[in-house]
Amino acid sequence: MEQRVIETVKRCQERQESPVKWALELGKCTSSQAELGQVLVTHLCFNNNHPSLWKFLDYALHSHLLSPLHILSLLTQRLIPIRLSHPHAFRLYLQLLQRHSLSFAHLHHSSTKILQSVDVSLQLSHTYKVSVLDFGHALVLFFFTVVDCLIDALFDDMGLQPTAADHHHMDIDSIGIINVENNQHIRTYNSLMAIELLAKLTQERKAMVLLRLVHFNMPDKFNGLLQRLHFLGANKLASSKLKSSNQLLDRLCANMKKVVGYDYKLNNRRLIGMLINNKSLRPVSCCNSESGWSACWVSFDIYIEHAMDGRQLPVTSAVVILAQTITTLQVLNQASWQETFLALWLSALRLVQRERDPPEGPIPHLEARLCVLLCIVPLAIANVLADDTQMNISSVQGVMPSGYTETGYVHGMDERSLAPRKQGLISSLQVLGNFTGLLCSPASVAGVANSAAAKASSFISISKNAKDCSGSGSPSETPLNSGGNMRHLIVEACIARNLIDTSAYFWPGYVSASVVALADLSPVQKSPWTAFMEGASLDGSLINSLFSTPASSLTEVERLYHIALNGSAEEQSAAAKILCGASLSRGWNIQKIVLLSSQDFSLQEHVVQFVVKLLSPPIPPGYTGPRSHLIDHMSMLSAILFGASFVDHVHMLSLHGMVPEVAAALMPLCETFGSLIPTSRNKSSTIDEPSVYMVFSAAFLFLLRLWKFYRPPIEQCINGETMVGELTLEYLLLLRNSRITSHGSPAPDEKNSNSDQLEFSSDRPIYIDYFPKLRAWYCLNKSCIASTLSGLCSGNPVHQVANQILSMIYWKMNKSEASSGNSSTPSTNSACESAATTGADVYQRPMLPAWEVLEAIPFVLEAILTACAYGKLSSRDLTTGLRDLVDFLPASLAAIISYFAAEVTRGIWKPVPMNGTDWPSPSPILPSVESEMKEILAGAGVNVPFSSYGTSTVMLPLPIAALVSLTITFKLNKSLEYIHAVVGPALENCASGCPWPSIPIIGSLWAQKVRRWHDFIVVSSTRSVFRQNKEAVAQLLRSCFTSFLGSHVSTTLLTNRSSVNSLLGSIIAARPIAPGILYLRSCRTIHNVQYVRDVIVGLLAEYARESAGRWSSSESPRLKSNQASLSLAACKAREVAALGASLLSVTGGLQQVQKMYCETVPTWLLRSREGKVGEVSGAARIMEGYAMAYMLVFSGSLVWGVGSEPPSWATRRGRIVGNHMEFLGRVLEGNISLGCDPATWKAYVSCLVGLIVSCAPAWIKEVKPETLRKLANGLRGWHECELALSLLERGGIASIASVVDLLNVIN
């Protein structure tokens, strides 16, 4: 065949046949395009380089006799390397490239042999590390290879002198008149022609699509090409030989930048296109005030305010979540980094300002809020800046991370979004000074703010004097800030973390204009930390001073840590106490003035780490004792446990994401001290008198707070929608171990079989099986909750322990009876027989390990509760016995709560009268509490039927009556806060299993006891209304939307300015309580979360229709007013969607967002709403679909992020998004019938796809290619070809063929 082709070519040349005749003759030789092309190219450049053959080649490519992809691939591989020795052939090759490189309409008619030949000739599979499976892949890689090779050729040819000769297309027949001496001229001309060819090709739409596919899927290759182009462009002026090609190079570089920055646009002649293409996500007027800023970034405020709920201890660091939220909102709002960081600072400042005049109670207060502002937010920003630094490093090395181009940082963004993040941070801090209303310092930190301002003034003064060589500057001329504010503390926090430097001190307006001489300042009192570092002994006065004063350097904290580990018992206890003082709660940065200090440290995050490390003290070198080394640190452990157990401190540990680590550190303590036999019968209930029982109880109750064990069983199975993982110790250990593994620690070792000596390295995974005693109680507790107790035989060891405990309890009862004359006969069942004998010689506190006591307590409780129910034990004696049990072993409170909560849910105990005789009575203030609850609900816009006892007898089930009677006997000492922190949430959750209105009764009893907690108790009682009352939840949600968006009247909805202050209030304790605050404190206890989703979707649709009603008519979906009206309407729709998404994410977290994708929105689309919403305009229906799409993308972005790598907790992102996309694809194919309006459906799909493409393109790669094709075909049917193309472009390598197919159809 090869010989026949060669002979035919020669014959046609001799006869000077036309290309048509050539085609007819050569077609008779073979029917294989691959074989014919191979022979022609092989003999073209070497044996028969004649113009007529090139003419035929051009005709054959044009008439599809030969495959352009095949021929050009073969020519590229052969001609570019020999372009200098064969300049004529190379010039004609460039002409063929210009005419046929983007011609692929016939592509799929080519054979597999052609595909293999292209792959082999250009080494595509080897170069790009992908399998060339179809012609779409081959075409994309071929075109990029051609561009890449030509640019490399230009680099080699830079030494040639370009000429000013005309470089238009030359006629092929004119080759013969060119002399050999002109070869150099042709080579120079070829270089110019190659640049011109690249400039023309890369501005073609097809070429841009092909190059974008490489950009998306092989960023390292594409960025390498960009770097070479940048280098070529940077040197074009330096080389005189390239001056004539400068303009062409500029065009080429501009085209390649368009490839990177390309942004699709929907059809602007339709309303949907105008919505998606609207770049300004908020009207300019909204940014001219503090309230306008807040509306665009409401997610910041909702998240950090929700994080202040003391009953919630998230296991994920607030730093990680907030950093993800920052990048997500920056993309969704299409904002600059200055706008993003400024919005974050304003939200955090509002959080602090809301704490003015807070109600007293066991809740996080100002210190926790300042922790968010001055520690969590700077750390989150540091993470964002670190990502930016990593991207810059990668791009310099020629590999831009895929997350950079896939998270919207380039695509769909204004150029201002590409400004360096650090510069945006600096600008935001400079602009922050304009918001004076939020910068007023709370009284407790006013002195610290003044010190920060004075530090800046002193720095400026010393810098000025250092530059003044003549010494004319004097201290009397130094300007000092006489009044610092929160901005000074924020700047110091940023400097401490190296986010900015001390040049911030010189910002205009940062230092006050008032001038105060340094000499006139009162001398600064010597810091107690100075005395400590100088070797002063830790006596009482110094301990108190160090406890109340934050450390000023990391060195001081490290020395304190070493004393806590290696000092005497007294020194260890004192050091641990100090570490849990002001250095933990207020260690945001350096507190004292350090002039010209070269280093600053942020202490709080270091102190947090030290506290956790002290909970797991290391094994001393050479330690071989028979007992655990933890016993030698009992005094230190007692101090650290009680100090870290304060409400604010536990909340700070949670904010820093240390809950799994703390839980893992507490388990060895529980196992060790719970297995020890006490050495003294004297009870110890104070921090200063540590005992085995006290250390165990502190560690055990601390662990249970993190585990949230007090949740009743009903909350663990409601609707199957509770995150069970958060309720197990295994889950906490799993999180902790995964963090250890992710940080490169050693692989898990085999279990330590020696249970008598529990030694665990803090950097090794641990499992609950390592703690057999804890695991046994853990399983027993679950079984007691699940079913009633089984009887015990008299010889059972647990029976014997229970009898000993009952003996102790009844001895106390009988002693009380003898003194008061009150008779109460104990139960006569087997578990109580030993209690019949009374007398001082019988009463002895059991000398038993705590685990054995806890195992027997449920049986003790059953015995005394049964005795009380049958009248054999008085209520007073029951309460006294329970209190004595808690005094004996405070950890027994856990078993009491667990048992009573389970019994309440079983409903087998009769109610008892709370009449003041048998049980405490709430009647004196119950009407007042109920009235205040109604007032709070009405102030939040909630009006539901409110049950009241009136004059009827107040009743409670016996278990909860006993529990609340026990809890009101506890004193409100600071040292008992570790008990109150368990009792409060447990009482509230236990009461949820009782019939309404048990919560007002419990609240009234506690309000009588603790009058200063009255407001806190009433608000907490009010929250219980929303647990099971669906109508109350719906009204509260509507009130949240109304307060945030303004009036519900359609004529004013567009002009009202949305405000976070209306939603969350300016002061948290102010009456009426803001609806947003009430919802955020109640949302995690709402039982029917599915109903919440439905209500939010309904409110979203309603307000979206209202926003469109102002500017549209009912007859046409076309825009009836100007662009400003559309912008306002779309802004309102986005604001309501952002609010709905934010409320949904804090209510149910990841799981509820997933259900929104899988259930709620599909149901909303399938359900018919005809007749339910009245007459609705077409534009309103479109806006409804737009808002729903925006909320879905917004909520998904908040929990999943928009980056290429989802967070560790969002591993199902691709599956959830893919399933929702598949549902949309099946509807578009006609396999599912919809109930919603077609305009709503079209708007929803178009806007959802458009938002994902522009804001979260990384999600698209996780969707099946077949699903993407379905969506693209549907969009193409709606004439949204650009959107369909952009969707497929971001589908990964598997979707390249679909892109080429669609591009072919479009053209």
Side-chain angles (χ1 to χ4, degrees), residues 32-42 57 60-62 64-80 93 96-152 197-198 201-202 204-222 225 259 1265 1268-1269 1272 1285 1288-1307:
S32 172
Q33 284 186 333
E35 294 177 355
L36 178 59
Q38 188 76 38
V39 173
L40 289 175
V41 172
T42 301
L57 204 56
L61 296 178
H62 182 74
H64 304 162
L65 176 64
L66 297 176
S67 167
L69 175 64
H70 185 216
I71 297 301
L72 293 177
S73 297
L74 295 174
L75 290 174
T76 299
Q77 183 260 339
R78 285 167 172 78
L79 277 176
I80 291 183
Y93 158 74
L96 288 180
L97 273 180
Q98 180 176 343
R99 296 177 184 179
H100 303 288
S101 60
L102 296 176
S103 174
F104 50 89
H106 65 294
L107 191 61
H108 293 288
H109 298 292
S110 302
S111 65
T112 305
K113 291 184 178 180
I114 291 179
L115 178 63
Q116 295 173 346
S117 177
V118 171
D119 186 15
V120 172
S121 61
L122 296 180
Q123 296 185 325
L124 300 181
S125 299
H126 174 74
T127 303
Y128 300 101
K129 310 301 181 185
V130 295
S131 298
V132 183
L133 302 176
D134 53 55
F135 290 100
H137 288 83
L139 177 65
V140 171
L141 299 180
F142 153 75
F143 186 78
F144 182 78
T145 301
V146 169
V147 174
D148 194 59
C149 290
L150 288 178
I151 290 177
D152 286 343
L197 171 65
L198 289 174
L201 285 180
T202 53
E204 292 286 336
R205 182 191 184 197
K206 292 181 181 180
M208 294 186 70
V209 171
L210 300 180
L211 291 172
R212 274 203 308 275
L213 289 172
V214 179
H215 171 50
F216 289 142
N217 298 290
M218 303 171 188
D220 53 338
K221 298 293 184 182
F222 189 83
L225 177 64
V259 171
L1268 297 179
R1269 281 194 292 270
L1285 196 59
L1288 292 175
E1289 284 177 352
R1290 291 157 175 82
I1293 293 178
S1295 295
I1296 287 179
S1298 299
V1299 175
V1300 175
D1301 289 344
L1302 180 59
L1303 191 60
N1304 187 26
V1305 172
I1306 292 175
N1307 286 276

Over all heavy atoms of both residues, which pair between [X] and [Y] is shortest? Give the atoms and the distance, please.
X	Y	result
P68	H100	CB-O, 3.7 Å
S67	I114	CB-CD1, 3.8 Å
M218	Y128	SD-CD2, 3.6 Å
K206	L102	NZ-O, 3.2 Å
H137	A1297	CE1-N, 4.4 Å
L201	A207	O-CB, 2.9 Å

Value rounded to 0.5 Å, distance of [atom1] in [X] from [atom2] in [Y]:
X	Y	atom1	atom2	result
R1290	R212	CZ	CZ	7.0 Å
F135	D1301	CZ	CG	12.0 Å
L1303	L1288	CG	CG	10.5 Å
S131	L124	OG	CG	11.5 Å
S1295	N217	OG	CG	8.5 Å
L1285	R205	CG	CZ	6.0 Å

Side chains of [X] and [Y]: closer than 4.5 Å at any heavy-atom pair?
X	Y	answer
L150	L97	yes
L210	F144	no
L141	L122	no
K221	L225	no
T145	T127	no
Q77	Q123	no
V146	L72	no

Apply side chain to side chain contact (heavy atoms under 4.5 Å, CB included) to I80 and Y93, showing your working. CA-CA 9 Å; I80 291 183; Y93 158 74; 3.9 Å; yes

Which residues share a ring-ring contact (aromatic ring centres under 6.0 Å, His included) with F222, sequence neighbours left out: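 F222 satisfies ring-ring contact (aromatic ring centres under 6.0 Å, His included) with H215 only.
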
For V118, is there any backbone N or O sitting under 3.5 Å from a side-chain donor or acceptor partner on S121?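 Yes; judged by distance alone, with no hydrogens or angles, the pair exists.
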
Under the side chain to side chain contact (heavy atoms under 4.5 Å, CB included) rule, what do V1299 and L213 come out as? Steps first, then yes or no, please. CA-CA 9 Å; V1299 175; L213 289 172; 3.7 Å; yes

